[in-house]
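Worksheet for the structure shown next.
Chain letters run A, B, ... following the sequence lines, proteins first, then strands; residues in each count from 1. What you are looking at is a predicted structure, and each value in this text was computed from that prediction instead of being measured.
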There are 2 protein chains.
Amino acid sequence: MNTQTRYSISDLAREFDITTRSIRFYEDQGLLSPERRGQTRIYSRQDRVRLKLILRGKRLGFSLTECGELFELWDHSNSGSELQLRLMLTRITEKRQALEQQLRDIAMMQQELDGAENRCSEALNALTAAQNAAKATQK
Amino acid sequence: MNTQTRYSISDLAREFDITTRSIRFYEDQGLLSPERRGQTRIYSRQDRVRLKLILRGKRLGFSLTECGELFELWDHSNSGSELQLRLMLTRITEKRQALEQQLRDIAMMQQELDGAENRCSEALNALTAAQNAAKATQK
DNA sequence: AATCAAGTTTACGTGAACGTAAACATCCTT
DNA sequence: AAGGATGTTTACGTTCACGTAAACTTGATT
């Protein structure tokens, strides 16, 4: 079971296949704030989730700053003044629209890949057909 | 109708809301190769499509080098040796898997946004409810 | 006690993707 | 012909996201 509750920096580095340098850098940027036992950083399950979110954001081409904005949305979404909350809702909508644009982009790129794949395997068929023909004549 | 067949560099810059510097930079990186009339660059419809693909790739977090790889897939997908073609098919598969990962990432992030939005509007409801209660007591 | 792995801070280096500025050529208009 | 819009090359500057190296502390192991 996933009963682990605390992680060292190299635990996380290993699990997500990144360097400890990166993890400390994310902390520098204010995206993580693990506990300290003396000098040593100790990461909670929440920290681990944050890290996972950071990496997911990066895979989607978001900058670290944008990831931080998403955390703000997440963290303060049940507090704040009415104006704050309204502002947050519009920002959530913006992010959502960006994601929908990405979905469209992915769909189109998948079509391009389909096209390339088809032409590719057709060319391959043509080649092997030619080879078979050559073999047949050789006999 | 979209009958235009040639574009200046600033035509494209305006249309896609990027600088001419970027367009020339993409050319430096081998992603574009427009005709020349003397010194001046003239972009065809194909060039325009390429540019559109570059920007789409960028929105998906691909580097310019990766965009270039995708163009290779597209351009040479109907020529080359058998080995070349097989290699290309595996690379197409790789790209497709990357896109599928992105789809999963987007789905999860949309869920997070849903959660944030819900908590956000609940907090907002609580606030306005409190305000109404205050008004009522004031009467 | 010694050493060794794992962690730390500090600081400079790096590649990608442009921005910005200078100095110049071309063409069109007035 | 003088100016302005649009284009060009060349080259140095900048931001982001780390990499790399040095010099140090701390805790566990032999």
Side-chain angles (χ1 to χ4, degrees), chain A residues 4-44 47-48 50-72 95 98 102 105, chain B residues 4-44 47-48 50-72 95 98 102 105:
Chain A
Q4 198 170 350
T5 174
R6 299 178 181 288
Y7 311 84
S8 77
I9 193 170
S10 41
D11 282 348
L12 295 181
R14 229 169 298 134
E15 175 173 1
F16 295 112
D17 196 30
I18 56 180
T19 65
T20 61
R21 175 70 178 91
S22 300
I23 298 179
R24 292 197 198 93
F25 183 75
Y26 300 153
E27 184 178 343
D28 273 1
Q29 306 304 305
L31 300 180
L32 291 173
S33 37
E35 291 178 41
R36 289 285 185 126
R37 195 173 51 195
Q39 285 280 69
T40 305
R41 291 163 170 85
I42 304 177
Y43 297 87
S44 67
D47 291 326
R48 207 188 80 130
R50 292 281 275 227
L51 183 52
K52 199 184 285 189
L53 291 176
I54 295 172
L55 299 176
R56 180 179 299 152
K58 290 201 57 187
R59 281 199 299 274
L60 294 176
F62 289 169
S63 74
L64 294 184
T65 309
E66 289 174 315
C67 290
E69 291 176 17
L70 287 171
F71 291 155
E72 271 188 61
K95 296 285 177 188
Q102 292 219 40
D105 286 336
Chain B
Q4 197 170 351
T5 176
R6 299 178 182 286
Y7 310 84
S8 78
I9 192 169
S10 42
D11 283 349
L12 294 181
R14 226 169 302 132
E15 175 173 2
F16 295 110
D17 195 30
I18 55 180
T19 66
T20 61
R21 175 71 178 90
S22 300
I23 298 179
R24 292 196 198 95
F25 183 74
Y26 300 152
E27 183 177 344
D28 273 1
Q29 305 304 306
L31 299 180
L32 291 173
S33 36
E35 291 177 43
R36 291 285 186 126
R37 196 175 49 197
Q39 287 280 71
T40 305
R41 290 164 170 84
I42 304 177
Y43 296 87
S44 67
D47 291 325
R48 207 188 80 130
R50 294 281 275 226
L51 182 54
K52 197 183 286 188
L53 290 176
I54 293 173
L55 299 176
R56 179 178 299 151
K58 290 200 58 186
R59 281 198 300 274
L60 294 176
F62 289 170
S63 73
L64 295 183
T65 310
E66 289 174 315
C67 290
E69 291 175 19
L70 287 171
F71 292 155
E72 271 189 61
K95 297 285 177 190
Q102 292 220 41
D105 286 336

Any side-chain heavy-atom pair from B:Glu15 and B:Arg48 closer than 4.5 angstrom? yes
Please round to the nearest 0.5 Å and tell me the distance separating atom CZ of A:Arg41 and atom CZ of A:Arg36. 4.0 Å
Check DNA chain D against residues 13-23 of chain A and give the residues with a non-hydrogen atom under 4.0 Å, in numerical order. A:Thr19, A:Arg21, A:Ser22
Starting from P on D:dC16, measure out to CZ on A:Phe25 and report it in whole angstrom. 9 Å
A:Ser63 vs B:Ser10, nearer the 5' end of DNA chain D by closest nucleotide: B:Ser10
Expressed as a whole number of angstroms, how long is the span from A:Asp11:CG to C:dA5:P? 18 Å
Just do the side-chain contact (heavy atoms from CB on, under 4.5 Å) check on A:Tyr43 and A:Leu51 with the steps written out, would you? CA-CA 10 Å; A:Tyr43 297 87; A:Leu51 183 52; over 6 Å; no
Taking everything shown except B:Asp17 itself, do over 12 heavy atoms lie less than 6.0 Å from its CG? no
Rounded to the nearest Å, what distance is computed from the CZ atom of residue B:Arg24 to the C1' atom of nucleotide C:dG19? 13 Å
At under 4.0 Å between heavy atoms, what does A:Thr65 touch on the DNA or RNA strands: base, sugar-phosphate, or nothing? nothing
How close or far is atom P of D:dT6 from atom OH of B:Tyr7, stated in whole angstroms? 19 Å
Within a strict 4.5 Å, meaning less than it, do heavy atoms of the B:Lys58 and B:Leu64 side chains meet? yes
Non-hydrogen side-chain atoms of A:Ile42 and A:Pro34 separated by less than 4.5 Å: no
Any side-chain heavy-atom pair of A:Glu69 and A:Lys95 under 4.5 Å: yes
Partners passing salt bridge (Lys or Arg N to Asp or Glu O under 4.0 Å) against B:Arg21 (at least two apart in sequence or in another chain): none
What is the distance, rounded to the nearest whole Å, between atom CZ of A:Arg59 and atom P of D:dA17? 16 Å
N/O (side chain, B:Tyr26) to phosphate O (OP1/OP2, C:dA17) under 4.0 Å: no
Tell me: CD of A:Glu27 to P of D:dA17, nearest whole Å? 16 Å
Within 6.0 angstrom of B:Arg37 CZ, more than 12 heavy atoms from elsewhere: no
Expressed as a whole number of angstroms, how long is the span from A:Leu32:CG to D:dA17:P? 14 Å
Whole-Å distance between D:dC16 P and A:Phe62 CZ? 17 Å
Expected output is a numbered-order residue list: members of residues 34-43 of chain B with a heavy atom under 4.0 Å from any atom of DNA chain D. What is it? B:Arg36, B:Gln39, B:Thr40, B:Arg41
